[in-house]
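So that the names make sense, note that chain A is the first sequence line, chain B the second, and so on, each numbered from 1.
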Protein chains: 2
Amino acid sequence: MQTIGFEKHDHGACIHDTLAKAEASCADTGLRLTAVRRRALEILLAEHRALGAYDLLAVLAEEGLGSQPPVAYRALDFLVKAGFAHKIEALNAYIACAHLGADHTPAFLICRSCRSVAEADTAPAQGRLGDAARDAGFKIEHTVVEAQGLCPACQEIAP
Amino acid sequence: MQTIGFEKHDHGACIHDTLAKAEASCADTGLRLTAVRRRALEILLAEHRALGAYDLLAVLAEEGLGSQPPVAYRALDFLVKAGFAHKIEALNAYIACAHLGADHTPAFLICRSCRSVAEADTAPAQGRLGDAARDAGFKIEHTVVEAQGLCPACQEIAP
DNA sequence: TATCAACTGATACATTATAACAAAAAGGCT
DNA sequence: AGCCTTTTTGTTATAATGTATCAGTTGATA
């Protein structure tokens, strides 16, 4: 599994594949990818950047898909629970999953300048964090790993 | 450096030592540990749990040390910048540093049941996250590593 | 003791997130 | 199809978290 986000890639295929995987996953599990939810995922997928709930809401509202905060938060909750999106805690923002389908523990590289986000996989619970947890008798259920800094492009502009 | 937070320990000494280190650090660097800032640190130190800014503000307000949000946020900003406290992003809350003085990259074990927080050190930038960042050409400036789950005590109560 | 920078007090406001409840839609069942 | 249950949506209201701004005070230093 590789880091996705800063490299050039076929973004159309990237969007299309992820939507297809999300639909397949819903068909399998009985989850319902309704219009709002599907569109929310598309909006997140449109860029490898974190969007706030209200950013998403603004787009949904323009399209007549809902105008009140709960609309956005419900869609995001669904996507996060289904594993189709992740919350970036350090930004209170959301991003589409770049490794949909793969069983993974996401880690994020967040550019403070352009807000782009790359998703890597570091399996922290199997590394030193896991060791520390075992030593402390702590049972890990979920991990948040987020690195903030400068992406390759922004290092050139504002080093 | 060991994980601090769930084990029994001499908490009085833990508080006293940290305050002394903070004072020494300020004396060294010229930072000013004013009344509000010092009291804010004491309040955070009183428990190995994350406190929200408004939780802190409530205590400060009771004591006549300020009643408006900026009071709490300024004190917290100072403590975080000085390295005397850390922000727990997943909770939008703050905790006193358990390794004050040591140059470290904190990682947290957060109990979802009792909200207690242990501070470990996993140097993530030197592990697989660092590898992923190097591969992507990303320059890490700050990392957030937070594991959520159940602490030893809460595993017995609500397994 | 004059000056500058840092800190504090206070008002107002911005952003992020949730509770609650009624109405509608979807899916299962006979 | 018709009925029932569950899930989803629409809407109002409000809670929780965080900041901008500016005036006034304090502290260090010259």
Side-chain angles (χ1 to χ4, degrees), chain A residues 22-23 26-41 43-44 49-82 84-95 112 115 144 146, chain B residues 22-23 25-41 43-44 49-82 84-95 115 144 146:
Chain A
E23 276 174 359
C26 285
D28 275 3
T29 58
L31 291 176
R32 283 151 62 183
L33 191 62
T34 61
V36 189
R37 294 168 174 179
R38 189 193 157 95
R39 187 66 192 121
L41 179 54
I43 292 164
L44 290 184
R49 284 175 49 233
L51 288 185
Y54 282 76
D55 298 332
L56 173 66
L57 180 59
V59 181
L60 291 174
E62 269 180 16
E63 300 176 0
L65 282 168
S67 59
Q68 298 306 315
V71 172
Y73 283 101
R74 282 169 184 158
L76 289 168
D77 282 353
F78 171 85
L79 295 176
V80 169
K81 276 191 188 132
F84 302 161
H86 303 291
K87 179 170 190 186
I88 307 294
E89 297 288 352
L91 301 178
N92 293 320
Y94 301 81
I95 189 164
R112 68 167 154 80
R115 227 185 175 190
V144 173
E146 300 174 359
Chain B
E23 275 174 1
S25 165
C26 285
D28 275 4
T29 58
L31 292 176
R32 281 151 63 183
L33 191 61
T34 61
V36 188
R37 294 168 175 180
R38 187 193 159 94
R39 187 66 192 121
L41 180 54
I43 291 164
L44 291 184
R49 283 174 49 230
L51 288 185
Y54 282 76
D55 297 333
L56 173 64
L57 179 60
V59 181
L60 291 174
E62 270 182 14
E63 301 176 357
L65 282 168
S67 60
Q68 298 305 317
V71 171
Y73 283 100
R74 283 169 184 159
L76 289 167
D77 283 353
F78 170 85
L79 295 175
V80 169
K81 276 191 187 133
F84 302 161
H86 303 292
K87 179 169 190 185
I88 306 295
E89 297 288 352
L91 300 178
N92 293 321
Y94 301 81
I95 189 165
R115 227 187 173 188
V144 173
E146 300 172 0

Peer 1: What's the CG-P distance between B/Leu91 and D/dG18, to the nearest Å?
Peer 2: 11 Å
Peer 1: To the nearest 0.5 angstrom, please state how far the CD1 atom of B/Ile88 sits from the CZ atom of B/Arg49.
Peer 2: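 Between atom CD1 of B/Ile88 and atom CZ of B/Arg49 there are 12.5 Å.
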Peer 1: Which value, rounded to the nearest 0.5 Å, describes the distance between B/Arg74 atom CZ and B/Thr34 atom OG1?
Peer 2: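 It is 11.0 Å, given to the nearest 0.5 Å.
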Peer 1: Measure from the side chain of B/Pro69, starting at C-beta and using heavy atoms only, and say which of D/dG18, D/dT9, C/dA17 lies closest.
Peer 2: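 Selected nucleotide: D/dG18.
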Peer 1: Determine the minimum heavy-atom distance between A/Ala40 and A/Leu60, stating which atoms define it.
Peer 2: N-CD2, 4.4 Å
Peer 1: Please state how far atom NZ in A/Lys81 lies from atom P in D/dT7, giving the value in whole angstrom units.
Peer 2: 12 Å
Peer 1: Could you state the atom-to-atom distance from CD of B/Gln68 to P of D/dT21 in whole Å?
Peer 2: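 It works out to 18 Å between those atoms.
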Peer 1: Which whole-number value in Å describes the distance from A/Arg39 CZ to D/dT9 C1'?
Peer 2: 18 Å
Peer 1: Nearest whole angstrom, please: distance from the C1' of D/dT19 to the NZ of B/Lys87.
Peer 2: 12 Å
Peer 1: Reading DNA chain C from 5' onward, which residue's closest nucleotide shows up sooner: B/Ser67 or B/Leu31?
Peer 2: B/Leu31
Peer 1: So, is A/Asn92 near the phosphate of C/dA17, with a side-chain N or O under 4.0 Å from OP1 or OP2?
Peer 2: yes
Peer 1: What is the distance, to the nearest angstrom, from the OH atom on B/Tyr73 to the P atom on C/dT11?
Peer 2: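 B/Tyr73 atom OH is separated from C/dT11 atom P by 19 Å.
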Peer 1: Show the nearest heavy-atom pair for residues B/Leu41 and B/Ala22, with the distance to one decimal.
Peer 2: CD2-CB, 3.7 Å
Peer 1: Look up atom CG in A/Leu44 and atom CG in A/Leu76, then write down how far apart they are to the nearest 0.5 Å.
Peer 2: 6.0 Å
Peer 1: Name the one of B/Leu51, B/Val80, B/Leu56 that satisfies side-chain contact (heavy atoms from CB on, under 4.5 Å) with B/Tyr94?
Peer 2: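 Exactly one candidate clears the test, B/Val80.
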Peer 1: Rounding to 10 degrees, work out the angle separating the end axes of the helix from C/dT1-D/dA30 to C/dT30-D/dA1 (five pairs an end).
Peer 2: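 What I find for the helix from C/dT1-D/dA30 to C/dT30-D/dA1 is an axis angle of 30°.
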Peer 1: Taking atom CD of B/Glu89 and atom NZ of A/Lys87, what is their separation to the nearest 0.5 Å?
Peer 2: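 Spacing of CD (B/Glu89) from NZ (A/Lys87) equals 10.0 Å.
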Peer 1: Give me the residues of residues 51-63 of chain A where at least one heavy atom lies under 4.0 Å from an atom of DNA chain D, by number, or none.
Peer 2: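 Going residue by residue through residues 51-63 of chain A, none turns out to have a heavy atom under 4.0 Å of DNA chain D.
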Peer 1: Under the criterion side-chain contact (heavy atoms from CB on, under 4.5 Å), I'd like the reasoning laid out for B/Leu33 against B/Phe78: C-alpha separation, chi angles, the key distance, then a yes or no.
Peer 2: CA-CA 9 Å; B/Leu33 191 61; B/Phe78 170 85; 4.0 Å; yes
Peer 1: Where is the tightest heavy-atom contact between A/Leu79 and A/Arg37, given as atom of each residue plus distance?
Peer 2: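 Minimum heavy-atom separation between A/Leu79 and A/Arg37: CD2-O, 3.9 Å.
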Peer 1: At less than 4.0 Å, is any side-chain N or O atom of A/Arg37 found next to OP1 or OP2 of D/dT8? Yes or no.
Peer 2: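 Affirmative; the distance criterion is met.
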Peer 1: Starting at atom CG of B/Leu33, determine the distance to atom P of C/dT8, rounded to an integer number of angstrom.
Peer 2: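 Spelled out: CG on B/Leu33 to P on C/dT8 is 10 Å.
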Peer 1: For the pair made of CZ in B/Arg32 and C1' in C/dT8, what is the distance, rounded to whole Å?
Peer 2: 11 Å
Peer 1: Remember a base hit wins even if backbone is also touched, and classify B/Arg74 as base, sugar-phosphate or nothing at under 4.0 Å, heavy atoms.
Peer 2: base
Peer 1: For A/Thr34 and D/dT9, is the shortest distance between a side-chain N/O and OP1 or OP2 below 4.0 Å?
Peer 2: yes
